Chemist: 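The structure that follows is given in the form of structure tokens.
What you see is a predicted model; the values in this text were computed from it and never measured.
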Amino acid sequence: MRVLVIGGGGREHALVSKLRQSRLASKIWCAPGNGGISQQAECVPVNLADIPAVADLAETLRADLTVVGPEQPLVDGIADEFDRRGLRIIGPTRKWAQLEGSKVFAKEFLNHHGIPTASVHGIYTSTQDAIQKLKSLDYPVVLKADGLCGGKGVLVARSYSEASDFVDRALEKREFGDGGGKLLIEEALQGKELSFIVLSDGRDFVPLVPTRDHKRAFDGDLGPNTGGMGAYSCDGIISTATEAQIRERVVEPTMKAITTDANPYRGFLYFGLMLTSAGPKVLEFNCRLGDPETQAIVARMDFDLGEVLEALAEGKLGTRDLKWMPGASVCVVMASGGYPGKYVSGKEIRGLEKAEAIGGVAVYHAGTRREGSVYYTCSGRVLGVTGVGDSLDSARRRAYDAVRQIQFSDCHYRRDIGLGECRAANIGEA
């Protein structure tokens, strides 16, 4: 099987690494890829905003299967273009990609199908109307930009001043571009967040191991939202009873709605959940794998990913039984100083070989470029250092041991990835 992976971040590096282990994958390309991916797949330059050009590339390469990592091409209709050309692709069509591409579409879908979610205070395009509404609310409240904003278009506002500032940044200053031209204001749910991702072939679905990510920039869940500063997965992250609730109340009604449609959902579907005292409620959908959740998930895969994706493409996913390594995985994102705000690229990265020599560690490149044997930073999120172990504590220690081997100027990372779960189990810091 000749596989083309679309994207160039840590998620795509993790997918490429796992696909290289597949007995089916005879050739792997990544478009556009990054410095680390170039050591494991042939990187091909392409403009991901030019959907016909990406389809042309798949035809030229004679790719048997294309796997889409990031959300923007899916929202732009890459699956529709591939379907028109008879090319096999892992990813939903433009219609269902709206579940991520529009928070308003997702909220209307949830309410229409009776799937638990936060109640809505209003949807606004006018700064004046939004500000007026904010004056009448009790806090905290949640504000969400309707469109894609790279994980930065959501705020849990603790006060009116914090909320009104976000409205001004979105609707007046257009800080989030077109994605922030419409705002959703909704109830702030209380509980613990969970990422629950499933694979669908348009008829059947199979769940991946649950994960938790850390979106805020700084320790203690402080600072601005980011695309993700780390994630972890472990045995017992949720109880059997909670998982049964998630499947019964959220996943099954969602999948019934999107697979009985004339245009059924195929690909990964990410449920961002809040586990409240009243049960699981949906915070958001993603129409693809999360990043950095993918790094933590891939680290625990005990199956041939190429075989599973082939089964999905053939509509035979229901015959697959996914096996997972027991224990835990932890991904720590090493970012450029200043991220998610302004940062400087081009910093030399040292210590990668020492980090990768640690047993039970994988270093996934997110924003790097390679010149010969030297790597340089080229984005906000630079590396996803991932450790595995027989417990969350041991996985954390391996990940952070590896992180401490890597250096680049003005590096920033959180030191508490997975720590809350460890403290709940009375385990110390790494």
Side-chain angles (χ1 to χ4, degrees), residues 3-22 28 30-31 33-34 37 41 48 65-75 78-79 89-93 96-97 99-101 148 150-151 193-201 205-215 226-233 251 254-255 258 265-273 282-301 303-306 308-313 317 320 322 324 329-331 333 362 364-366 381 384 386:
V3 184
L4 171 62
V5 176
I6 301 297
R11 166 185 46 221
E12 289 75 38
H13 193 185
L15 288 171
V16 165
S17 296
K18 191 62 182 178
L19 285 168
R20 284 187 76 225
Q21 300 171 20
S22 173
I28 303 174
C30 191
N34 63 38
I37 293 174
L48 295 185
L65 186 66
T66 297
V67 183
V68 184
E71 62 273 22
Q72 190 67 62
L74 292 165
V75 171
I78 188 172
I89 189 168
I90 305 296
T93 58
W96 290 123
L99 287 171
E100 178 171 6
L148 298 179
E193 290 192 38
L194 185 80
S195 301
F196 196 91
I197 304 173
V198 304
L199 258 178
S200 169
D201 65 2
F205 73 89
V206 292
L208 307 183
V209 285
T211 57
R212 284 200 170 95
D213 71 335
H214 297 251
K215 288 187 168 62
T226 70
M229 292 299 295
Y232 65 94
S233 172
V251 178
T254 298
M255 300 311 295
I258 64 180
Y265 192 106
R266 296 185 180 90
F268 296 95
L269 182 61
Y270 171 120
F271 296 82
L273 304 174
V282 178
L283 295 171
E284 64 173 350
F285 290 111
N286 289 342
C287 58
R288 37 76 193 182
L289 280 164
D291 187 346
E293 291 95 337
T294 302
Q295 292 87 311
I297 290 169
V298 163
R300 297 190 64 195
M301 286 182 177
F303 56 85
D304 187 317
L305 180 60
V308 171
L309 295 182
E310 172 77 0
L312 187 158
L317 195 58
R320 306 301 307 187
L322 305 190
W324 301 94
S329 57
V330 172
C331 175
V333 171
Y364 299 117
H365 292 232
R381 292 189 294 175
T386 305

Chemist: May I ask you to decide if Gly272's main-chain N or O and Glu284's side chain share a donor-acceptor pair within less than 3.5 Å?
Modeler: no
Chemist: Going from CD on Glu100 to CG on Leu269, what distance comes out if it is rounded to the nearest 0.5 angstrom?
Modeler: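 Rounded to the nearest 0.5 Å, the CD-CG separation comes to 9.5 Å.
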Chemist: Sub-3.5 Å donor-acceptor pair from the side chain of Asp304 to the main-chain atoms of Gly306, do we have one?
Modeler: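 Checked: pair present.
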Chemist: Taking Phe285 as the fixed residue, which of Phe271, Phe268, Phe196 is the one that meets the ring pair (Phe, Tyr, Trp, His ring centres under 6.0 Å) rule?
Modeler: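 For Phe285, the ring pair (Phe, Tyr, Trp, His ring centres under 6.0 Å) check succeeds only for Phe271.
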Chemist: Would you check if the side chain of Ser200 reaches a backbone N or O of Tyr265 as a donor-acceptor pair within less than 3.5 Å?
Modeler: yes
Chemist: Evaluate the side-chain proximity of Leu273 to Val282: yes if any heavy-atom separation is below 4.5 Å, no if none is.
Modeler: yes
Chemist: Sub-3.5 Å donor-acceptor pair from the side chain of Asn34 to the main-chain atoms of His365, do we have one?
Modeler: yes
Chemist: Once you round to the nearest 0.5 Å, how far does CD of Glu71 lie from OH of Tyr270?
Modeler: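 Going from CD on Glu71 over to OH on Tyr270, the span is 11.5 Å.
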Chemist: Testing the basics here: between Pro92 and Ala79, what is the closest heavy-atom pair and its distance to 0.1 Å?
Modeler: O-CB, 3.2 Å
Chemist: Between Glu12 and Gly9 (side chain of the first, backbone of the second, donor and acceptor by atom type, cut-off under 3.5 Å), is there such a pair?
Modeler: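 Yes, because the side chain of Glu12 sits within donor-acceptor range (under 3.5 Å) of the backbone of Gly9.
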Chemist: Check the pair Leu309 / Val3 against side-chain contact (heavy atoms from CB on, under 4.5 Å), numbers first and verdict last.
Modeler: CA-CA 10 Å; Leu309 295 182; Val3 184; over 6 Å; no
Chemist: What's the spacing between Ile197 CD1 and Leu289 CG if we round to 0.5 Å?
Modeler: 5.5 Å
Chemist: Check whether Ser329 reaches the backbone of Ala296 with its side chain - one donor and one acceptor, N or O, closer than 3.5 Å.
Modeler: yes
Chemist: Against Cys30, only a single residue in Leu4, Ile37, Leu15 fulfils side-chain contact (heavy atoms from CB on, under 4.5 Å); can you say which?
Modeler: Ile37
Chemist: Where do Val16 and Ala41 come nearest, in terms of heavy atoms and distance?
Modeler: CG1-CB, 3.8 Å
Chemist: In sequence, state the C-alpha distance, the side-chain angles, and the governing distance for Trp324 and Leu208, and then conclude on side-chain contact (heavy atoms from CB on, under 4.5 Å).
Modeler: CA-CA 9 Å; Trp324 301 94; Leu208 307 183; 3.9 Å; yes
Chemist: Closest heavy-atom contact between Met255 and Val198?
Modeler: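 Minimum heavy-atom contact is SD-CG2, 4.0 Å.
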Chemist: Out of curiosity, Leu199 CG to Leu317 CG, how far, rounded to the nearest 0.5 Å?
Modeler: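 Reported to 0.5 Å precision, the distance equals 6.0 Å.
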Chemist: Could you report the tightest heavy-atom contact between Pro210 and Ser233, atom names first, then the distance?
Modeler: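 Minimum heavy-atom separation between Pro210 and Ser233: O-OG, 3.1 Å.
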Chemist: If every non-hydrogen atom of Pro70 is compared with every non-hydrogen atom of Leu48, which pair is closest and at what distance?
Modeler: CG-CD1, 4.4 Å
Chemist: To the closest 0.5 Å, what do you measure between CG (Leu305) and CG (Leu322)?
Modeler: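 Those atoms lie 9.5 Å apart.
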Chemist: Distance from Arg288 atom CZ to Thr294 atom OG1, nearest 0.5 Å?
Modeler: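 Nearest 0.5 Å value for the CZ-OG1 distance: 8.0 Å.
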Chemist: Counting distance only, does the side-chain N/O of Asp213 pair as donor-acceptor with the main-chain N or O of Gly228 below 3.5 Å?
Modeler: no
Chemist: Who passes ring pair (Phe, Tyr, Trp, His ring centres under 6.0 Å) against Phe205, sequence neighbours left out?
Modeler: none
Chemist: Report the C-alpha distance between Val308 and Leu312 in whole Å, list the side-chain angles of each, state the deciding distance to 0.1 Å, and finish with yes or no for side-chain contact (heavy atoms from CB on, under 4.5 Å).
Modeler: CA-CA 6 Å; Val308 171; Leu312 187 158; 5.7 Å; no
Chemist: Determine, step by step, whether Ser195 and Thr211 satisfy the side-chain contact (heavy atoms from CB on, under 4.5 Å) criterion, reporting the C-alpha distance in whole Å, the side-chain angles of both residues, the deciding distance to 0.1 Å, and the verdict.
Modeler: CA-CA 5 Å; Ser195 301; Thr211 57; 3.2 Å; yes
Chemist: How far apart are the closest heavy atoms of Pro73 and Val68, and which atoms are they?
Modeler: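 Answer, listing the atom of Pro73 first, then Val68: CB-CG1, 4.4 Å.
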Chemist: Could you check whether any side-chain N or O of Gln21 sits under 3.5 Å from a backbone N or O of Leu19, counting only pairs where one atom can act as donor and the other as acceptor?
Modeler: no
Chemist: Taking Arg266 for its side chain and Ala313 for its backbone only, find out whether a donor-acceptor pair lies under 3.5 Å.
Modeler: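 No.
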Chemist: For Arg381 and Gly227, indicate whether the former's side chain and the latter's backbone hold a donor-acceptor pair under 3.5 Å.
Modeler: yes
Chemist: Scan side-chain atoms only and decide if Gln295 and Thr386 contain a donor-acceptor pair under the 3.5 Å cut-off.
Modeler: no
Chemist: With the side chain counted from C-beta on, respond yes when Tyr364 and Ser17 share a heavy-atom pair under 4.5 Å apart, and no when they do not.
Modeler: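 Yes; the side chains approach each other to less than 4.5 Å.
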